[in-house]
Amino acid sequence: MDNLQHIDDLLKRAAREPANALVTESDWNAIEKKLKQRKHRIYALWFFVAFVVVSSVTTLLFNSFDTDELISPHTVQSSQGTANELDQDIKAPELQNSILQEKNTIETSKETNGLTKSTEASTTKPQNRVVNTLEKGTNTDLNKPVTKLETINHNLNKRTPSLFKNIDDNIHPERYKPIALLGTEIDDIAKQPNTSNNESHLEIGFAFTPTISNKVLSESNTLAGLINRNYYNYIGDNEGAAFANSYGIHIQYHSKNSFFFGTGLFMAQRSENVNYNYTITDFPIRNPNKPTIDSYGILVPSQYRKIQFEGSNSYHFIEIPLNLGYKQAISRNFEIRSKVGVSYLGLLSSVGKKGDSYDLELKELSELNFNTANIGLNLRTGVYYNTPNFTFGVEPVYSRNLNSFTDLSSSSLDIKPYNYGLNISTNFKIYRK
Amino acid sequence: MISDEELIRRCQHNDQSAQKMLFEKYANKMMATCMRYCKNEEDARDLLQEGYIKVYTNIKKFKGNSRVDTWMTRIFINLALNKQREGRNKYDHFEFDPKFEKAPLETETTQEKLEPQTVLKALNQLPEKYKIVLNMYAIDDMSHKEIANELGITVGSSKSRLSRGRVMLNALLNRK
């Protein structure tokens with residue numbers, strides 16, 4: 001069938017003709033829409049990956065960590081041996097509070113009724129063994145009405161069902177000395193800082209940082225000669241601060257010595273307001289041998305271009321910080337935390353328009369060359385409220401780019417954005433067992 | 001007029017205006033390719049859109065070793081083939097009809113008078129497996145080895161499909 005090779009030529013010629021179906025603007029619109037959707041999917045994927053990683057780490061750590069250790073052991077004076085469970089249960093914060101309340105009630109009761117120490121104790125009911133304990137195992141002077149102690153024990157038993165269920169007759173009740181707790185140390189609990197913060201632990205949580213964004217503008221050493229003589233008047237002076245924000249997940253490791261290390265994954269947005277209103281009446285003439293503008297050609301009035309644009313340009317980043325921090329307790333539940341660190345800022349997209357420093361033309365940000373990989377410095381100090389399991393903090397933040405945001409190999413301007421704002425974060429604590 | 005190199009460089013920086021320019025510059029050519037590999041205009045339009053998305057997402061891999069439209073065409077062809085693989089059962093059952101062998105051979109000059117759209121319409125009437133090989137070999141200048149690799153067939157099968165495709169197309173054109 002070699003004699004049919006002319007079919008190939010026929011096809012080739014036919015294929016050179018334009019397609020019968022015309023490409024329309026709607027095809028481009030559909031592509032543009034799909035590109036945007038794809039970008040959103042990528043963001044969502046990043047968040048999903050971050051969520052999975054954080055969840056996995058949390059789950060793994062949670063299996064080997066416990067929060068029981070968060071109560072300082074010195075608040076309860078217990079003996080050794082088989083009473084660990086009872087010991088641990090007594091450490092529970094709600095139980096301590098209840099004991100404190102009961103103690104106050106006893107004190108009040110003593111004062112009003114003048115009751116004396118009871119000499120009777122039943123051994124038939126589990127709660128009464130503790131009554132026995134209270135009496136036999138202590139060398140204190142507290143005189144307690146039996147009826148009141150029974151009430152205490154009943155309440156304890158009710159609140160911590162596991163407290164007594166494993167205590168059998170082999171346990172010597174005199175080993176327990178709750179009276180010492182009641183008599184000597186309970187008052188200290190309220191006065192002391194939350195000692196749980198001195199334990200090494202992890203904190204995982206969310207943060208949101210609304211900020212004001214601005215920039216430090218300087219000229220490139222090598223390409224400064226290409227800045228249009230009207231740049232600052234027309235463009236540079238008409239770009240200003242704007243609102244920006246970042247949000248994401250963070251994780252911190254807190255050591256015993258008040259230092260902590262943090263990282264995370266954030267979506268950050270930096271912005272700038274622009275308000276241009278000028279007319280281009282000339283054009284720069286560049287020196288062919290070196291990066292300078294030699295002179296300006298004057299446009300005829302019919303070629304003048306009026307630039308009028310007001311808007312907010314925004315740059316979207318993925319931010320991965322690496323921070324070192326120090327914390328200082330200022331009261332039982334409050335502490336000051338200070339952090340310093342660097343952040344990797346990967347530019348994901350830029351939306352808006354900006355005047356070009358060379359020919360003053362208004363250009364889409366996507367047409368301009370920005371560094372996609374940036375390093376930023378961040379500083380923050382703030383107040384955190386602590387509970388045994390959570391922290392909530394508010395801290396002023398300052399951050400800025402360490403490198404130029406523009407590509408200095410092609411841009412005559414060195415732009416270093418900076419932000420200042422307020423970080424709001426809440427963390428969940430995980431303790432090592 | 002902006003050069004292809006500049007256009008590619010800007011597209012590699014996710015420059016949206018450059019992406020649009022790249023679309024406008026080659027969309028008609030790519031649409032023609034899509035039309036050749038698809039059954040109808042609607043499928044071709046879908047392929048055009050998906051193809052451009054793929055071009056933009058892979059443009060950082062373009063090293064400039066070939067013309068950008070050649071590189072793009074290969075992307076569109078691969079995408080078309082992937083789509084056809086997904087719907088392979090649509091044409092797998094087709095068998096070559098020997099009656100085509102007996103079709104009279106018209107002279108080249110007679111066929112040359114045919115309108116390009118008539119030729120392409122006839123090509124589109126061929127069973128997929130012959131149409132694709134004819135497209136890849138005759139129009140897109142791919143070798144039998146490349147076609148075999150792309151389609152997952154032997155070089156012999158590729159040659160055989162090309163030969164039978166030519167016969168069938170010739171028969172169809174002779175009816176015009």
Side-chain angles (χ1 to χ4, degrees), chain A residues 1-39 41-42 315-316 346-354 361-373 406-407 409-411, chain B residues 9-10 13-20 23-24 26-36 40-42 44-46 48-53 56-57 101 105 107-109 111-112 114-123 134-135 137-141 162-167 169-170 173:
Chain A
M1 287 288 161
D2 283 343
N3 52 357
L4 284 179
Q5 278 189 354
H6 72 278
I7 292 285
D8 293 5
D9 299 329
L10 205 59
L11 283 170
K12 256 195 183 79
R13 274 201 299 276
R16 279 191 210 116
E17 296 293 316
N20 210 12
L22 291 176
V23 177
T24 62
E25 188 69 21
S26 64
D27 289 316
W28 169 249
N29 291 339
I31 291 168
E32 203 174 23
K33 193 177 168 190
K34 283 179 185 173
L35 281 172
K36 277 181 186 163
Q37 284 171 348
R38 191 177 172 277
K39 209 175 274 180
R41 277 203 299 273
I42 290 171
Y315 307 87
H316 301 268
L347 180 65
L348 297 174
S349 66
S350 47
V351 181
K353 289 178 179 175
K354 202 171 167 69
E361 294 284 358
L362 190 62
K363 290 185 175 171
E364 294 279 343
L365 290 183
S366 52
E367 290 178 51
L368 304 171
N369 290 334
F370 297 112
N371 277 325
T372 51
T406 50
D407 181 0
S409 63
S410 59
S411 174
Chain B
R9 192 189 63 76
R10 284 170 59 180
H13 285 88
N14 289 323
D15 179 337
Q16 285 173 1
S17 61
Q19 287 176 341
K20 190 173 183 186
F23 173 81
E24 285 166 350
Y26 293 112
N28 284 325
K29 187 174 181 183
M30 295 305 130
M31 187 64 182
T33 304
C34 294
M35 287 291 284
R36 284 191 284 111
N40 53 50
E41 189 183 326
E42 191 186 345
R45 224 169 266 286
D46 285 346
L48 180 81
Q49 292 168 11
E50 280 184 47
Y52 264 100
I53 302 281
Y56 297 139
T57 51
E101 297 275 14
L105 293 176
T107 57
E108 291 178 31
T109 48
Q111 287 181 340
E112 275 170 7
L114 291 169
E115 289 290 316
Q117 290 309 323
T118 310
V119 176
L120 290 178
K121 200 174 171 188
L123 176 70
L134 265 176
N135 259 317
Y137 186 89
I139 302 176
D140 295 316
D141 292 326
L162 176 70
S163 178
R164 289 179 175 190
R166 281 173 180 157
V167 169
L169 186 62
N170 181 60
L173 292 175

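Below, chains carry the letters A, B, ... as their sequence lines are ordered, and counting in each starts from 1. What's counted below: heavy atoms across the whole structure, side chains too, no hydrogens, waters or symmetry copies.
- Interatomic distance, CG of L11(A) versus CG of L169(B), reported as 5.5 Å (0.5 Å rounding).
- Nearest heavy-atom pair, L48(B) versus I31(A), reported as atom, atom and distance to 0.1 Å: O-CD1, 4.5 Å.
- With rounding to the nearest 0.5 angstrom, the CZ atom of R45(B) is 6.5 Å from the OG atom of S26(A).
- If you measure heavy-atom distances from T24(A) to chain B, the contacts under 4.5 Å come from both the backbone and the side chain.
- Heavy-atom distances place both the backbone and the side chain of A27(B) under 4.5 Å from chain A.
- In this structure, chain B has no heavy atom under 4.5 Å from any part of K33(A).
- Minimum interatomic distance between D8(A) and R166(B) (heavy atoms only, all atoms of both residues): OD2-NH2, 2.7 Å.
- Atoms CG and CG, on N14(B) and L365(A) in that order, are 13.0 Å from each other to the nearest 0.5 Å.
- For A14(A), the side-chain contact (heavy atoms from CB on, under 4.5 Å) criterion is met by P116(B), V119(B), L120(B), not counting sequence neighbours.
- Side-chain contact between I53(B) and Q37(A) is absent, with no heavy atoms from C-beta onward closer than 4.5 Å.
- Contact detail for A15(A) and R36(B): the closest heavy-atom pair is CB-NE, 4.0 Å.
- Judged as a ring pair (Phe, Tyr, Trp, His ring centres under 6.0 Å), and not counting sequence neighbours, the contacts of Y56(B) are Y52(B).
- No option in E364(A), E32(A), E25(A) other than E25(A) meets the salt bridge (charged side-chain N to carboxylate O under 4.0 Å, His left out) test with K20(B).
- Residue K12(A) comes nearest to A138(B) through the heavy atom pair NZ-O, 2.8 Å, listed as atom of the first residue, atom of the second, then distance.
- Contacts of N135(B) with chain A are absent, with no heavy-atom separation under 4.5 Å from either backbone or side chain.
- Inter-residue side-chain proximity for D27(A) and M31(B) is flagged as unmet; no heavy-atom pair is nearer than 4.5 Å.
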